[in-house]
2 protein chains.
Amino acid sequence: MATKKIPKATAKRLPIYYRYLSVLLSANKRRVSSTELSEAVQVDSATIRRDFSYFGELGKRGYGYDVESLLNFFKGILNQDTLTSVALVGVGALGSALLNYNFHQDTNLRISAAFDTKPELANTVKSGIPIYPASEMQKQIKEQQIDAVILTVPSSTSQKVADQLVSVGVKGILNFTPVRLSVPKNVQVQNIDLTNELQTLIYFIKNYAENNPE
Amino acid sequence: MATKKIPKATAKRLPIYYRYLSVLLSANKRRVSSTELSEAVQVDSATIRRDFSYFGELGKRGYGYDVESLLNFFKGILNQDTLTSVALVGVGALGSALLNYNFHQDTNLRISAAFDTKPELANTVKSGIPIYPASEMQKQIKEQQIDAVILTVPSSTSQKVADQLVSVGVKGILNFTPVRLSVPKNVQVQNIDLTNELQTLIYFIKNYAENNPE
DNA sequence: CCTCTATTGTGAACACTTAAACAAAATTAT
DNA sequence: ATAATTTTGTTTAAGTGTTCACAATAGAGG
Ligand SMILES: NC(=O)c1ccc[n+]([C@@H]2O[C@H](COP(=O)([O-])OP(=O)(O)OC[C@H]3O[C@@H](n4cnc5c(N)ncnc54)[C@H](O)[C@@H]3O)[C@@H](O)[C@H]2O)c1
Ligand SMILES: NC(=O)c1ccc[n+]([C@@H]2O[C@H](COP(=O)([O-])OP(=O)(O)OC[C@H]3O[C@@H](n4cnc5c(N)ncnc54)[C@H](O)[C@@H]3O)[C@@H](O)[C@H]2O)c1
């Protein structure tokens, strides 16, 4: 809990900044201004400066920000200096796509274990990640001290699985099911509801035609 | 543009309400109060009443809301009374998972065409959806008058594809690539950045431990 | 060293979103 | 009928997030 009181809206933008700073560093850019950043990430430059200012005075007036030191600073903030292992529960259509994806290429994150009830998946390896039977889920998560889980099981079982996860100390769930999970308030749930996103997009197309995106 | 001035935050909740109302109707519930709804969808009851009030006086004091008529009302608002066809571009890991999913089971939405550059995918059918070669994308989208597209191509080509889509009249893009697309302001872009979501979740776990979810 | 220029960091205004609280109105119970 | 109860719709207030606008200040150029 090094830095406190960072607004949620700011926190959600940090990975966006982080990614673009990585791009700049790879391109050997040494410095960047909030205006330049603004164009690339499509966030108002004043908002960017305000966001950064929550963490201190990271830039230099008349100059901008030093790409490398800013990147290193955010590396710490975003826990990118240590490898974080997450688990995935439910190796179906969506779960397989996520397993197959190499999160580690952009971030210091990897999926280290997956779980499914299907007997034919148990004890196989997919994209280098071991798939365990669901019956071993709680044991493995405890042993591997996993904090964060990607949940891609059918909606009908998601609350039950979430309860099991919480009971072995999971502190965050990336929930792809449309169910609004009930969890203790010290557990973070991030909902990704793809059906809603699509419905909302259609709604915006029909009703906000003249406004700008996002 | 029947109803104007609906706040964005409200618009994003409409599909959540809609889904839960469908559940209630299937369970033969005739009426529901904002308090009951509040528990199920995890939105403050005053916020729900406020949201509904943008559309008029939909409830009855001392009684609540009539499930069926409320559902029918939102059916109109959310364009659920006509079938909307969307296209999917990029039938890779993520695209396949989405193609395979039956959006039509919950909504009046379906993916009616998919496109990919891979020759082995061209002119095949997956989950009942025809996959066309990318070279036919613009022609088909124009012919089928498709407004909304799910974009699951590699990041490196996403802007190029987006430009092609916009040039044939696409009005909304559900963008799964980490690239911030540049589009005219009458085109809606909804970004779903899975890597960011995971990074943000980890950040929240480490920094907001005592707060409540979402 | 001084001047000019660029760009930050932030106070203040504004915009949007949520939530508390309650009068008004309808239902339900007696 | 009337009273008690319920629950809406909305007023008002508080909270959160964004943007403007500019003094402060560091760097660049002479
Ligand atoms: N696939 C999509 O595009 C899409 C779109 C919108 C929403 N969703 C939601 O995402 C979730 C997953 O969707 P999907 O298409 O991947 O479903 P799926 O049926 O393909 O996969 C679910 C997997 O979970 C496994 N499973 C079931 N119970 C389990 C348990 N207790 N523990 C571990 N594994 C278990 C199943 O064996 C299966 O492999 C669903 O809730 C769905 O509503 C998916
Ligand atoms: N899979 C994941 O879990 C995941 C996670 C985070 C981000 N993403 C992002 O989602 C996007 C897609 O990811 P993926 O894993 O499905 O990639 P993928 O490589 O499996 O699929 C991309 C598909 O797009 C096709 N394609 C390439 N150029 C095309 C064009 N011009 N027109 C039509 N099709 C074209 C390719 O042939 C391929 O089938 C990427 O931008 C990726 O960064 C994916």
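Residue numbers begin at 1 in each chain, while the letters A, B, ... track the order of the sequences.
Between A/F52 and A/F74, the angle of the ring planes lies from 30° to 60°, which puts this pair in the tilted group.
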Show me, pair by pair, the donor-acceptor contacts under 3.5 angstrom made by side chains of residues 93-102 of chain A, not counting sequence neighbours?
from   : atom 1 : to     : atom 2 : distance (Å)
A/S96  : OG     : A/G92  : O      : 2.7
A/S96  : OG     : A/K126 : NZ     : 3.0
A/N102 : OD1    : A/H104 : N      : 3.1

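The distance from atom CD of A/E57 to atom C1' of D/dA23 is 14 Å, rounded to the nearest whole Å. As rounded to whole Å, 12 Å separates atom C1' of C/dT28 from atom OH of B/Y63. The nearest whole Å value for the distance from the CZ atom in A/R49 to the C1' atom in C/dA12 is 15 Å. The interatomic distance linking A/R50 (CZ) with C/dA15 (P) rounds to 16 Å, in whole Å. A straight line from CG of B/D51 to P of C/dA19 spans 11 Å, rounded to a whole angstrom. Rounding to whole angstrom units, CZ of residue A/R13 and C1' of D/dT19 are separated by 12 Å. Taking atom CG of A/L37 as the reference point, atom P of C/dG9 lies 12 Å away to the nearest angstrom. Rounded to a whole Å, the CD1 atom of A/I48 is 16 Å from the C1' atom of D/dC20.
The number of heavy-atom neighbours closer than 6.0 Å to CD of A/Q105, taken from other residues, nucleotides and ligands shown, is above 12.
Proximity of A/K60 to the phosphate of D/dG27: a side-chain N or O atom is located under 4.0 Å from OP1 or OP2. OP1 or OP2 of D/dG9 lies within a sub-4.0 Å distance of a side-chain N or O belonging to B/Y65. At the phosphate of D/dT19, OP1 or OP2 sits under 4.0 Å from a side-chain N or O atom of A/T47. Considering only side-chain N and O atoms, B/S34 lies under 4.0 angstrom from the phosphate OP1 or OP2 of D/dT8.
Aromatic rings of A/Y18 and A/F73 (six-membered ring for Trp) have centroids beyond the 6.0 Å cut-off, not under it.
Residues A/P7 and B/T35 each lie close to DNA chain D; by heavy-atom proximity, the contact nearer the 5' end of the strand is made by B/T35. When each of B/V43 and B/R31 is assigned the nucleotide of DNA chain C with its nearest heavy atom, B/V43 is the one assigned upstream, toward the 5' end.
Closest to the B/R61 side chain, of the nucleotides D/dG27, D/dC20, C/dA23, is C/dA23. Comparing atom distances between the B/A9 side chain and each of C/dT17, D/dT18, D/dT19 picks out C/dT17 as nearest.
A salt bridge is defined here as a Lys NZ or Arg NE, NH1 or NH2 lying under 4.0 Å from an Asp or Glu carboxylate O, and B/K60 with B/D66 fails to meet this definition.
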